[in-house]
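Okay, so here's the structure we're looking at.
Please read all numbers here as calculations on a predicted model, not as lab measurements.
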Amino acid sequence: MRCVLILGGMLLMACSGCGAKPVSHNPGVEVFATQVTVTHKGKPVEGARVSFSSVDQQRSATGTTDAAGIAKLTTFDLHDGAVLGKHRVKIAKDEIEVIKEADLDDPTSQAEIKTVHHLPEKYGNYKSSGLNADVKNDPAGNSFEFDLK
């Protein structure tokens with residue numbers, strides 16, 4: 001009987017963490033919910049990679065747009081947002097197209113590939129995109145819209 005009580009107590013202690021919130025990867029840096037809507041020529045872009053790079057801190061936030069063109073940014077934990085302040089922004093939607101497969105019987109053979117850009121290339125680079133965002137101390141969140149031409 002005593003063994004059963006001891007085992008029961010141990011089981012209770014082991015389960016005391018059950019259902020607890022997941023451990024955050026945030027090292028104490030404050031982030032604010034940030035959502036981005038991406039359109040190209042007025043239409044939502046699905047599958048675009050959105051990146052915010054903080055001007056003042058060495059932190060970045062990223063997200064991928066859904067069918068409505070909306071991305072919720074992540075810095076440390078899924079959809080936690082972006083750090084406070086000014087950010088440079090880049091947005092890209094690219095895929096690799098195989099033009100010619102490598103010949104597996106020829107060790108000198110190389111595949112031929114090309115990158116297909118579904119958005120204007122300039123938006124895929126922080127310097128050339130011309131896109132910026134200012135994340136504010138707003139618990140309700142920050143929402144940004146970018147219509148790429």
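Sequence neighbours left out, the pairs with a member in residues 81-91 that pass salt bridge (charged side-chain N to carboxylate O under 4.0 Å, His left out) are Lys86-Asp134. Counting only residues at least two apart or in different chains, salt bridge (charged side-chain N to carboxylate O under 4.0 Å, His left out) contacts with residues 118-128 are absent. For residues 43-54, the set of pairs meeting the salt bridge (charged side-chain N to carboxylate O under 4.0 Å, His left out) definition, not counting sequence neighbours, comprises Arg49-Asp94. Applying the side chain to side chain donor-acceptor pair (under 3.5 Å) test to every pair with at least one member in residues 99-116, sequence neighbours left out, gives these pairs: Asp106-Thr108.
Counting non-hydrogen atoms of other residues, nucleotides and ligands closer than 6.0 Å to NZ of Lys93 gives a total above 12. Few gaps surround CD on Gln57; more than 12 heavy atoms of other groups in view lie less than 6.0 Å from it.
One hydrophobic cluster holds both Leu119 and Val89 under the rule that ILVMFWY side chains link at heavy-atom gaps under 4.5 Å. When hydrophobic clusters are built by joining Ile, Leu, Val, Met, Phe, Trp and Tyr residues whose side-chain heavy atoms come closer than 4.5 Å, directly or via intermediates, Leu73 is not grouped with Val83. Linking ILVMFWY side-chain heavy atoms closer than 4.5 Å, directly or via other members, places Leu148 and Val50 in a single hydrophobic cluster.
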Evaluation steps, side-chain contact (heavy atoms from CB on, under 4.5 Å), between Tyr123 and Leu131: CA-CA 8 Å; Tyr123 296 113; Leu131 304 175; 3.8 Å; yes
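Shown here are the side chain to side chain donor-acceptor pair (under 3.5 Å) partners of His79, two or more places apart in sequence or in another chain: there are none. Residues that satisfy the side chain to side chain contact (heavy atoms under 4.5 Å, CB included) test with Glu95, not counting sequence neighbours, are Val116, His118. Among residues two or more places apart in sequence or in another chain, the ring-ring contact (aromatic ring centres under 6.0 Å, His included) test is passed with Phe144 by Phe52.
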For residues 28-42, dump all side-chain donor-acceptor pairs below 3.5 Å to protein atoms at least two apart in sequence or in another chain.
{"residue": "Thr34", "atom": "OG1", "partner": "Phe32", "partner atom": "O", "Å": "2.7"}
{"residue": "Thr34", "atom": "OG1", "partner": "Ala82", "partner atom": "N", "Å": "3.3"}
{"residue": "Thr39", "atom": "OG1", "partner": "Asp147", "partner atom": "OD1", "Å": "2.9"}

Can you give the donor-acceptor pairs under 3.5 Å from side chains of residues 61-69 to other protein atoms, not counting sequence neighbours?
{"residue": "Thr65", "atom": "OG1", "partner": "Val45", "partner atom": "O", "Å": "2.6"}
{"residue": "Thr65", "atom": "OG1", "partner": "Gly47", "partner atom": "N", "Å": "3.0"}
{"residue": "Thr65", "atom": "OG1", "partner": "Ala48", "partner atom": "N", "Å": "2.8"}
{"residue": "Asp66", "atom": "OD1", "partner": "Ala68", "partner atom": "N", "Å": "2.9"}
{"residue": "Asp66", "atom": "OD1", "partner": "Gly69", "partner atom": "N", "Å": "3.2"}
{"residue": "Asp66", "atom": "OD1", "partner": "Ile70", "partner atom": "N", "Å": "3.0"}

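Residue Ser51 holds its OG atom at 11.0 Å from CG of Asn125, rounded to the nearest 0.5 Å. Interatomic distance, Tyr126 OH to Ser60 OG, rounded to the nearest 0.5 Å: 5.5 Å. In this structure, the separation between OG on Ser53 and NE2 on His87 is 8.5 Å, given to the nearest 0.5 Å.
Val55 belongs to no multi-residue hydrophobic cluster, having no ILVMFWY side-chain contact under 4.5 Å with any other such residue. Cluster note: Val98 groups with Ile96, Ile113 through ILVMFWY side-chain heavy atoms spaced under 4.5 Å, whether in direct contact or through intervening members.
Between the side chain of Asp80 and the backbone N or O of Thr75 there is at least one donor-acceptor pair closer than 3.5 Å.
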